[in-house]
Protein chains: 2
Amino acid sequence: MAEPNQTPSLVDVAARAGVSPTTVSRVLNNRGYLSQRTKDRVAQAIEELNYRPNEVARALLGQRTKMIGVIVPTVALPFFGEVVVSLEHALEQHGYRLLLCNSLGRADLEREYLDLLISNRVDGIISGAHNDAIPEYADIKLPLVTIDRQLAPQIPNVRCDNEAGGRMATELLLRRGCRHPALLTSTSSPRNMREAGYRAVLAEAGIEPIVGTVNFHTPEPRRTQQIDAWLSRWLPNVDGVFATDDLMAGTVLEWAAQSGVAVPDQLRVVGFDGTEAIRRALPGLSTVRQPIRLICRGATDLLLSQIDNHAFSAGDQQRIKPLEFPVSLFEGRTT
Amino acid sequence: MAEPNQTPSLVDVAARAGVSPTTVSRVLNNRGYLSQRTKDRVAQAIEELNYRPNEVARALLGQRTKMIGVIVPTVALPFFGEVVVSLEHALEQHGYRLLLCNSLGRADLEREYLDLLISNRVDGIISGAHNDAIPEYADIKLPLVTIDRQLAPQIPNVRCDNEAGGRMATELLLRRGCRHPALLTSTSSPRNMREAGYRAVLAEAGIEPIVGTVNFHTPEPRRTQQIDAWLSRWLPNVDGVFATDDLMAGTVLEWAAQSGVAVPDQLRVVGFDGTEAIRRALPGLSTVRQPIRLICRGATDLLLSQIDNHAFSAGDQQRIKPLEFPVSLFEGRTT
DNA sequence: GTGAAAGCGCTAACAT
DNA sequence: ATGTTAGCGCTTTCAC
């Protein structure tokens, strides 16, 4: 007696079609010579049983799960949300699925996720999150590509031209007449290329830079308080703000509205990222748009070529030039 | 000669520790009686080989992948991004992983994803996306929970109290002095409970409702154009707008800024959702906050209990009362 | 053109 | 306290 409740297996299909399991497999994978009659019978059995091949079994046998692990700080932030959507669709085009990990910017979680992905035998990893202090990435024997932040010289990295973006934003502020544009960013460092762009333009113009930092993952309401305090301290010396992400720019705009500071007349504001969601929420915000689609396609292509070539990132120790895509400026009401 | 490049298997560990595979398995799963000496030797072999159990093999054997498929329109929108983050962490607490599917609101994609998830033998599905016209959900023999929109009476559904939210938003507008608050929503229908709340309050106040619709997935710039056209048409008859999501509210605010309409004096605006990201981008926006954490925990608990009880949604045909969580009002500068 | 047998990595039954 | 055997669902030799 058959168990009708059980998910049917290939063997069930074979029995029903009166052929061997091998033949069913061949029909499924379109391999070898099959008589039309056999094909039809198998197709019918599949239909009748509503059979779906078990990808888990395929993965075990074939040694490839067709799954890619993606680690980002959190898809609750539109930039990473959009990145993950783009990745998912780029991967899907090649028959890959996406296992999502939100590290929340926590190094411990990120480490755990790395382990998890290895245990699940993902075929590769795309990481858009990194606590730079995670050495584990170095000895991962798995195709790996990072987005935006470069982890190590030999790990492929895809990003936008952050420095050009920083320059464009700063130049826009100067062009609109700002004398003292300030920078508001997450972490000030020599490796912050948006900051580098800002500093370069100001240096050329002979203007003293003013840099404020509020960490990305600072919880509300502290984050807003820090931004407000910083703004109140510098105004009215400052007549423009380049915020290195759009959400920060939004907080600046709100501070201006509440403080009775006119935008753009008294204060000009530019953001960074230009995601669809924020373009809806803040359609007037001037911003530097990242080519997220391009970045994600680039990352996917790099990863899949690694997978296809069995060229594991750990293997080739040579320095790889990061793949950089150009940004574009959107000028809205706030400048 | 061993192949040092290969990922080590449990058999390799067994060989190195001088025990049988079963013993290694027992050590890994902490089952049965093991001598301390054996435990140590196995632990050492695992360490030396840097062995990780192959979850794919475990899944094939145990008939459970510990993976949950999650279908949403797109995590590029903060609401769904935040939902997915919450789900991922709720699931992770129970040892489950999340396979992400962004349906982009397209019925064809949603169908494909359903197939994909079945083929990958996920242990359950949480869907926050539905083209109502997808009958496939009905005959899915898999634990299934929906978020926000109810698919069918017998499928468990978790959501916030949308009608109460609609009421609260509308009442806030009236309380602040609006005489003609309009509704801006994605789809007007009797099943749109936010709209129902709005209509109910207006009916009680004896005010004629004004309803505008702009579909969720309308691409820019058409979306903005539609909203702008609608606003220009109704103002100044309208002195308040309840937008059923925060992004729409953002577009309304921008229209007001560009049209020289003072907020809140000439036009009051309330949104809906209150995600973290939008609270950062538009800190001044009055909005109805959804308890996303609660909703996601509720959905996860319901799903996991289905899984544990082998009670498949298709099985129990009885009507299930949706799980509703209360919303809360945030009043900002825009009202 | 089609089938039988072996095996991917693991664990549950059944020994001992 | 530990080992042996069988099998999850599939594909890949190698036969015929």
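Lettering of chains follows the sequences in order, A, B, ..., and the numbering in each one begins at 1. All of these numbers come straight from a predicted model, not from anything done at the bench.
- Here the C1' atom of nucleotide D/dA15 and the OH atom of A/Tyr33 are 17 Å apart, to the nearest Å.
- Remark: the backbone N or O of B/Ala17 is paired with a side-chain donor or acceptor of B/Arg41 at under 3.5 angstrom.
- In this structure, the side chains of A/Asp301 and A/His94 come closer than 4.5 Å at one or more pairs of heavy atoms.
- A/Asp40 has its CG atom 15 Å from the P atom of C/dG1, to the nearest Å.
- Side chain of B/Asp148 to main chain of B/Arg159: no donor-acceptor pair is present (N/O by atom type, distance under 3.5 Å, no hydrogens or angles).
- B/Val19 comes within 4.0 angstrom of the backbone, heavy atoms only, and of no base.
- For the 3.5 Å distance criterion, the side chains of B/Thr146 and B/Asn157 qualify, holding a donor opposite an acceptor.
- Between the CG atom of B/Leu34 and the P atom of D/dG3 there is a distance of 10 Å, given to the nearest Å.
- Under the 3.5 Å distance criterion, with hydrogens and angles disregarded, a donor-acceptor pair is assigned to the side chains of B/Ser20 and B/Thr23.
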Counting primed atoms plus P, OP1 and OP2 as sugar-phosphate and everything else as base, spell out the protein contacts along nucleotides 4-12 of chain D at 4.0 Å heavy-atom distance: B, S or - for each nucleotide, 5' to 3'. BB-BBBBBB
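- A distance-only check finds no donor-acceptor pair linking the side chain of A/Asn120 to the backbone of A/Val122 [under 3.5 Å].
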